[in-house]
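Inspection log for the structure reproduced underneath, given as structure tokens.
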Amino acid sequence: MADTTPTGPIELGAQMDYAEHEKTYSMFIMLSKYGTLFCVALMIAMAFGFFTPAGFFSSLVLFLVICGVGGYLLRDVPTHIR
């Protein structure tokens, strides 16, 4: 029977680029936060426009206000305090 046990060094692939990993993770978190904000603002504005006599332009203004306030509240805060 043939011996198929590897005798050389084990290939582990390329070294991990941690800086690029952190950049990608930060981008994913940012897109998740602002994508969720956009969807929630859209749903609230649509409900406001459909179920009240306010109309399209009022719901558009509400959508923009929610996106603006939410974007301000979701901005990154410093991770260290001086």
Side-chain angles (χ1 to χ4, degrees):
M1 197 154 139
D3 184 21
T4 58
T5 313
T7 57
I10 298 175
E11 292 287 331
L12 296 177
Q15 292 293 321
M16 181 70 169
D17 187 1
Y18 289 104
E20 189 66 29
H21 175 74
E22 290 292 329
K23 230 170 44 172
T24 303
Y25 181 73
S26 295
M27 181 66 72
F28 171 76
I29 294 298
M30 184 195 65
L31 289 174
S32 297
K33 286 191 310 187
Y34 291 109
T36 301
L37 171 66
F38 178 81
C39 290
V40 168
L42 183 64
M43 292 296 139
I44 291 172
M46 286 173 60
F48 183 73
F50 289 146
F51 298 122
T52 64
F56 172 75
F57 291 108
S58 296
S59 63
L60 177 65
V61 169
L62 178 65
F63 173 76
L64 294 174
V65 166
I66 292 173
C67 283
V69 170
Y72 178 76
L73 293 175
L74 287 178
R75 73 189 189 285
D76 291 331
V77 294
T79 56
H80 62 280
I81 300 174
R82 289 185 179 219

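Below, each value reflects all heavy atoms present in this structure, side chains not excepted, and no hydrogens, waters or symmetry copies. Residues take their numbers from the sequence shown, with the count starting at 1.
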remark   = Shortest non-hydrogen pair, F48 vs S59, comes out as CD2-CA, 3.9 Å
ask   = What pair of heavy atoms forms the shortest contact from I66 to A41, and how long is it?
value = CG2-CB, 3.4 Å
Side-chain donor-acceptor contacts of residues 21-33 below 3.5 Å, not counting sequence neighbours, with atom names and distances?
unit_1	atom_1	unit_2	atom_2	d
T24	OG1	E20	O	2.9
S26	OG	E22	O	3.0
S32	OG	F28	O	2.8
K33	NZ	L74	O	3.1
K33	NZ	D76	OD1	3.4

Do [X] and [Y] share a hydrophobic cluster, counting only Ile, Leu, Val, Met, Phe, Trp and Tyr and linking them when any side-chain heavy atoms are less than 4.5 Å apart?
X: M46; Y: L37; result: no
X: Y72; Y: V40; result: no
X: V65; Y: L73; result: yes

note = Contacts of F38 meeting ring-ring contact (aromatic ring centres under 6.0 Å, His included) (sequence neighbours excluded), chain-then-number -> F63
